[in-house]
Participant: 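Right, I'll just put the structure down here and ask away after.
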Amino acid sequence: MQAWFDSLLALLALPEYGLSTLFFVAFVSATLLPLGSEPALFGLLQLNPELFWPAIAVATAGNTLGGAVSWWMGYGAHKVADKYSQSSHHLRALAWLEKLGPKACLLSWLPLVGDPLCAVAGWLRMPFWPCVLYMAIGKLARYFCMTVVLLHLWPN
């Protein structure tokens, strides 16, 4: 089993496969599916430290595009969510999000709430491009900080 895992990790770490795999994992992890892209990014950088900035850029792009898909899903789900509109928690959260506007998407990097936040921004019909910009800033900051800390804790 270990040999199989090592060969799979080596294949995914090849620059021609590693970055595309990282993009896919980062994209999927930004949707509402339970998947984390940080282990893929960290593993790629452990095996290919020279890919630091390309990997950060690819992970940010994939995760931002996944957040944009979540925004569009929220935009399309507006009518479905109307049945929950009377909850006090729902109303407070909506008021908070409407007050912050697209800047709330800076928090899209947060575990558990970040991905649904992108969908809610779409549901509220917040402006798409400002939301995507703030998503990208938040996700870039997360990937950069997380990667620097992990590489400092576990250097090659």
Participant: With rounding to the nearest 0.5 Å, note down the distance linking CD1 in Ile56 to CG in Leu45.
Facilitator: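 CG of Leu45 is found 6.0 Å from CD1 of Ile56.
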Participant: For Ala136 and Thr64, which heavy atoms make the closest approach, and how far apart are they?
Facilitator: CA-OG1, 3.3 Å
Participant: Do any pairs count as a ring pair (Phe, Tyr, Trp, His ring centres under 6.0 Å) and have a residue in residues 19-45, sequence neighbours left out, and if so which ones?
Facilitator: none
Participant: Measure up the Phe128 and Trp71 rings against each other and bin them: parallel (under 30°), tilted (30 to 60°), perpendicular (over 60°).
Facilitator: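 Answer is perpendicular, since the angle exceeds 60°.
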Participant: Step by step, would you call Leu117 with Leu97 a side chain to side chain contact (heavy atoms under 4.5 Å, CB included)?
Facilitator: CA-CA 9 Å; Leu117 179 67; Leu97 285 171; 3.1 Å; yes
Participant: Taking atom NZ of Lys103 and atom CD1 of Ile137, what is their separation to the nearest 0.5 Å?
Facilitator: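 If I round to the nearest 0.5 Å, the distance is 10.5 Å.
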Participant: For Ser29 and Asp115, which heavy atoms make the closest approach, and how far apart are they?
Facilitator: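 Shortest heavy-atom separation between Ser29 and Asp115 comes out as O-OD2, 3.0 Å.
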Participant: Would Leu140 end up clustered with Leu133 when hydrophobic side chains under 4.5 Å apart are linked, directly or stepwise?
Facilitator: no
Participant: Leu41 and Val58: side chain to side chain contact (heavy atoms under 4.5 Å, CB included), yes or no, with the steps?
Facilitator: CA-CA 9 Å; Leu41 175 60; Val58 166; over 6 Å; no
Participant: Closest approach of Gly66 and Thr31, non-hydrogen atoms and distance?
Facilitator: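 Closest approach of Gly66 to Thr31, heavy atoms only: O-CG2, 4.2 Å.
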Participant: As an exercise, state the distance from OG1 of Thr147 to CD of Glu38, rounded to the nearest 0.5 Å.
Facilitator: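 Answer for the OG1-CD pair, Thr147 versus Glu38, is 8.0 Å.
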Participant: Stepwise, does the ring pair (Phe, Tyr, Trp, His ring centres under 6.0 Å) test hold for Trp109 with Tyr134?
Facilitator: CA-CA 10 Å; Trp109 64 271; Tyr134 286 114; over 10 Å; no
Participant: A side-chain contact here means heavy atoms from C-beta on lying under 4.5 Å apart; do Arg142 and Ser37 qualify?
Facilitator: yes
Participant: Linking I/L/V/M/F/W/Y whenever any side-chain heavy atoms sit under 4.5 Å apart, do Val132 and Leu106 land together?
Facilitator: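 No.
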Participant: Report yes or no: does Ser108 contribute a side-chain atom to a donor-acceptor pair with the main-chain N or O of Gly138 at less than 3.5 Å?
Facilitator: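 No, Ser108 side chain to Gly138 backbone: no donor-acceptor pair under 3.5 Å.
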Participant: I'd like to know if the side chain of Glu98 reaches the main chain of Leu124, judged simply by a donor and an acceptor atom lying under 3.5 Å from each other, with no hydrogens or angles considered.
Facilitator: no
Participant: So which atom in Leu107 and which in Trp96 form the shortest heavy-atom distance, rounded to 0.1 Å?
Facilitator: CD1-CH2, 3.6 Å
Participant: If you look at every heavy atom in Lys139 and Ala30, which pair is closest and at what distance?
Facilitator: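 Closest pair (atom of Lys139, atom of Ala30, distance): NZ-CB, 4.1 Å.
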Participant: Could you give the distance from CE (Met73) to CH2 (Trp123), rounded to the nearest 0.5 Å?
Facilitator: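 These two atoms lie 15.0 Å from each other.
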Participant: State, to 0.1 Å, how close Met135 and Cys118 come at their nearest heavy-atom pair, and which atoms those are.
Facilitator: SD-SG, 3.6 Å
